[in-house]
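Here is the structure we will look at.
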Amino acid sequence: MKNEAGQAARQPVAAEANPIYEDARRDTVQEHDHNRITLAQTQAWDASSRTPVLFGFVIALLWLMVGTWLGDISSFKFDWPDLLVSEAYLTFGRLRPAHLNVMVYGWASNAMFAVALWIMPRLCHTRLHWQRVALAGIAIWNMGVFMGVLLLLLGTSDGLEWLEFDRYSADPMMVAGALLVGMSVWKTLLARKVHHLYVSVWYVAASFPWFVIIFTAGNLPLYQGVESAAVNWFYAHNALGLWLTTINLGLIYYLMPKILGRPVYSYWLSLIGFWGLALFYALNGMHHLIGGPMPSWMIATSITASILMVIPVVAVGINQHMTVVGRFGAMRYSPALTLLVLAAMAYTAVSLQGIMTALVNINRVTHFTHWTIAHSHLGLYMFVTFSLFGGIYYILPKILQREWPSAALIRAHILLIVAGMVLYVVALGIGGVLQGLSLLDASQSFQASVEAAKPWLLTRSVAAVIITLGHIVFFMHVMWLLLMKTEPGARPASPFHAIIPVLVEDRTGAHEGKPS
Amino acid sequence: MTRLTVLILGALATVIFALIVLVILPQSMLGKLQAPPELKPYTLEEARGREVYIANGCIYCHSQQVRDPNITTDIAKGLGNRASVPEDYVHDKPHLLGTMRTGPDLFNVGSRLPAKEWHLAHLYQPRALVSWSIMPAFPFLFQHKAVAESGDTVVNLPPAYAPAHGVIVTTPDADALVAYLLALKHDYAVPVAGDKAETEKDALPISGSQEGKP
């Protein structure tokens with residue numbers, strides 16, 4: 001019964017079988033009967049989460065386009081400081097926090113809600129429970145984000161980085177929204193029909209209580225003076241460590257082995273990675289205040305915890321990279337896998353870079369410079385956003401029951417964002433170090449530090465334009481996928497079911513049936 | 001893992017542990033800080049200026065801290081005569097320590113640049129005074145009038161940056177922001193922070209401070 005369903009689904013593949021692709025098929029297609037679940041079951045679980053997942057992804061994409069525009073204008077303002085200065089809501093000091101908040105709470109968090117709601121039914125072998133609660137949660141969350149951005153642009157800010165949104169109007173809505181989505185996730189988890197909790201479940205399920213606790217703690221109006229700074233960076237670092245990182249690691253842990261058709265390298269490394277992250281990451285925040293007016297024991301605690309982060313980072317790194325090693329070729333066939341592998345590499349890179357930057361000798365140069373911005377984009381873009389793009393490439397066809405219409409658009413998107421982001425991180429990283437060395441040199445004027453960074457800031461703006469083009473391509477492609485009409489039950493004539501290379505041209509000609 | 005209780009209790013334990021170490025413990029320790037006698041609470045106008053500073057995101061380019069001279073050159077570069085200490089910030093809610101120095105540190109800007117006229121012209125058009133500056137101009141903090149009325153503060157601009165007709169006068173927000181910037185002076189001596197001040201017997205009188213004295 002279950003085998004019939006699985007084989008029927010792959011019938012078109014078999015019809016187009018070609019010896020050249022046998023290897024690829026062995027690498028990328030997993031036999032369903034190993035898992036004792038049928039295609040019909042996964043389709044039913046996907047269907048149960050379809051509405052909130054689509055809702056989350058579409059809103060996330062709209063925010064992504066808004067945030068891209070905000071980031072572009074903020075970047076251009078470094079090169080042309082008199083650009084758009086006449087109105088208060090267009091000033092750099094409002095657009096830049098708006099960019100950060102839109103990207104974190106609008107784009108990434110909404111896409112992560114969708115990922116969490118899609119992944120839980122799959123891993124708990126049950127339908128999504130409390131679907132409408134999740135839907136309401138996403139809606140309320142976005143009302144909060146919209147309110148927060150609007151007030152921020154109009155000049156109402158809590159004044160704390162990452163916590164700018166108004167604590168009396170926007171933030172309570174966001175807490176309520178995250179709680180509602182979290183309730184749906186946990187209800188599904190409680191109704192699970194599997195005994196063992198897969199590693200992705202740990203990360204995704206724990207992220208919701210973590211986020212609600214740190215976001216509430218960060219927004220309480222209780223703190224004054226340097227204590228306000230301590231809470232600020234306790235939150236801002238944990239928003240990355242216990243929210244953005246965790247759900248995306250969960251996504252990578254689920255999809256990477258699934259697409260490759262081989263298990264995660266080591267269960268024990270997963271355990272070390274998860275609990276090590278939970279224990280050490282939460283203590284990292286004060287390394288943003290090295291040398292500053294904080295009690296030295298607090299900064300020492302965070303530097304120590306930052307160094308201990310080597311343990312979970314290396315554990316997760318070995319676990320994820322060893323899952324892929326020997327199967328990198330499969331990346332040609334799956335844009336989702338390509339992006340997830342790049343995201344996993346970026347996670348290792350950004351974490352090791354962050355540990356390095358927490359060391360006093362390096363921090364004295366890089367603190368207060370554009371290096372920090374390059375570092376955060378390596379994390380928030382190359383890790384978090386690549387991972388979410390990869391998730392969208394995998395999940396949307398599953399819940400829409402149709403394939404991406406264009407391989408060329410996928411190639412264009414990935415090429416543009418990878419090229420743009422590599423240029424961004426390298427250029428701004430160099431600019432930041434030059435700026436930092438100048439700031440540290442007592443014989444140089446402040447002007448020298450500004451002049452040192454200027455050409456690299458301009459390069460960053462070029463990179464921003466390239467990334468923007470990538471986002472436009474992706475947005476149009478998603479809209480095309482959403483709006484295209486397919487006959488029910490019909491398989492579209494798309495390259496994806498036939499396992500042919502998506503990310504390179506098919507130069508063998510084998511797929512067209514020509515002799516090579 | 002197979003148990004949900006292990007997952008949820010473990011997750012809560014780690015984050016609450018961090019919350020205790022980095023938020024609750026310091027709150028109880030730092031809550032007792034006394035403001036140095038020279039550090040006055042903000043006046044109403046300075047407090048309004050601080051709101052303007054926050055609303056327009058000055059913090060994204062300007063820090064307000066002089067770091068430890070053992071690891072940085074902040075003092076050698078003239079940002080202050082001593083490293084900043086927690087006592088300097090007891091009136092700050094929220095803190096504005098900052099994480100970027102795209103622009104210069106402002107912890108002692110009131111001592112370094114004490115002229116109100118300079119700040120007004122610089123906020124209206126930074127490049128009128130500093131040709132290489134990449135700071136945004138803030139024309140929306142000013143008004144363009146045909147003639148100055150009584151009570152208006154006229155901004156003195158170099159001819160190249162002045163409007164062809166009429167004058168540029170300040171808004172209350174611009175006046176308040178400059179009042180706040182001029183109040184940023186932290187060159188008084190403070191009790192030596194850190195280990196020595198922790199114990200009562202070692203707490204030295206202010207005159208015992210090593211810095212800020214010739």
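Letters go in sequence order (proteins before strands), and every chain restarts at 1. Just the heavy atoms: all of them, side chains too, but no hydrogens, waters or symmetry mates, feed the values below.
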Proximal component of [X], with respect to chain B [non-hydrogen, under 4.5 Å]:
X        : answer
A:Ser302 : side chain
A:Leu84  : neither
A:Asp158 : backbone
A:Ile214 : side chain
A:Phe280 : neither
A:Leu439 : both
A:Ala88  : both
A:Ile213 : side chain
A:Ala453 : neither
A:Tyr223 : both

For chain B, find which of [options] contributes the most heavy-atom pairs closer than 4.5 angstrom.
options                               : answer
A:Tyr267, A:Phe92, A:Trp275, A:Trp233 : A:Trp275
A:Met294, A:His288, A:Glu87           : A:Glu87
A:Pro97, A:Gly292, A:Ser157, A:Gly155 : A:Pro97
A:Asn238, A:Leu189, A:Val194          : A:Leu189
A:His195, A:Met298, A:Gln447          : A:Gln447
A:Ala229, A:Ala206, A:Gly159          : A:Ala229

Exercise. Does the distance from a Lys or Arg side-chain N to an Asp or Glu carboxylate O, for B:Asp74 and B:Arg101, drop under 4.0 Å?
Worked result: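 Yes, B:Asp74 and B:Arg101 are salt-bridged.
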
Problem set entry | NZ/NE/NH1/NH2 to OD/OE distance under 4.0 Å, A:Asp82 and B:Arg127 | yes

Leading residue by heavy atom contact count with chain A [cutoff under 4.5 Å; candidates [options]]:
options                               : value
B:Pro139, B:Pro136, B:Pro104, B:Ser84 : B:Pro104
B:Leu7, B:Ile16, B:Asp105             : B:Leu7
B:Leu141, B:Thr2, B:Asp92, B:Asp68    : B:Thr2
B:Gly98, B:Ser133, B:Gly10            : B:Gly10
B:Val15, B:Leu96, B:Leu22, B:Leu33    : B:Leu22
B:Val52, B:Ile59, B:Leu12, B:Thr102   : B:Thr102

Check whether the side chains of [X] and [Y] place a donor and an acceptor atom closer than 3.5 Å, and report yes or no.
X        : Y        : value
A:Glu164 : A:Asn101 : yes
B:Thr171 : B:Asp173 : no
A:Asp166 : A:Thr156 : no

Exercise. Any chance the rings of B:Phe140 and B:Phe138 have centres within less than 6.0 Å?
Worked result: yes

Exercise. Any chance the rings of A:Tyr203 and A:Tyr198 have centres within less than 6.0 Å?
Worked result: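 No, the ring of A:Tyr203 stays outside the 6.0 Å limit from the ring of A:Tyr198, centre to centre.
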
For this session: Kindly assign one of parallel, tilted or perpendicular to the pair A:His237 and A:Tyr281, based on the angle between their ring planes and the thresholds 30° and 60°.
Result: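 Ring orientation of A:His237 relative to A:Tyr281: tilted.
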
Part of [X] lying under 4.5 Å from any heavy atom of chain A:
X        : answer
B:Gln125 : side chain
B:Arg3   : backbone
B:Val23  : both
B:Ile134 : both
B:Gln65  : side chain

Looking at [Y], is its backbone amide N or carbonyl O close enough to the side chain of [X] to form a donor-acceptor pair, meaning the two atoms are under 3.5 Å apart?
X        : Y        : answer
A:His367 : A:Gly291 : no
A:Arg364 : B:Thr72  : no
B:Asn108 : B:Lys185 : no
A:Ser438 : A:Ser449 : yes

Exercise. What pair of heavy atoms forms the shortest contact from A:Ile362 to A:Thr357, and how long is it?
Worked result: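 Nearest pair, atom of A:Ile362 first, then A:Thr357: CG2-CA, 4.2 Å.
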
For this session: Work out which heavy atom in A:Ser75 is nearest to a heavy atom in A:Leu457; give both atom names and the distance.
Result: OG-O, 4.4 Å

Exercise. Taking side chain as C-beta onward, heavy atoms only, is A:Ile290 less than 4.5 Å from A:His287?
Worked result: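 SC-SC contact between A:Ile290 and A:His287 confirmed.
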
Problem set entry | Check: B:Val190 and B:Asp88 side chains under 4.5 Å, non-hydrogen atoms | yes

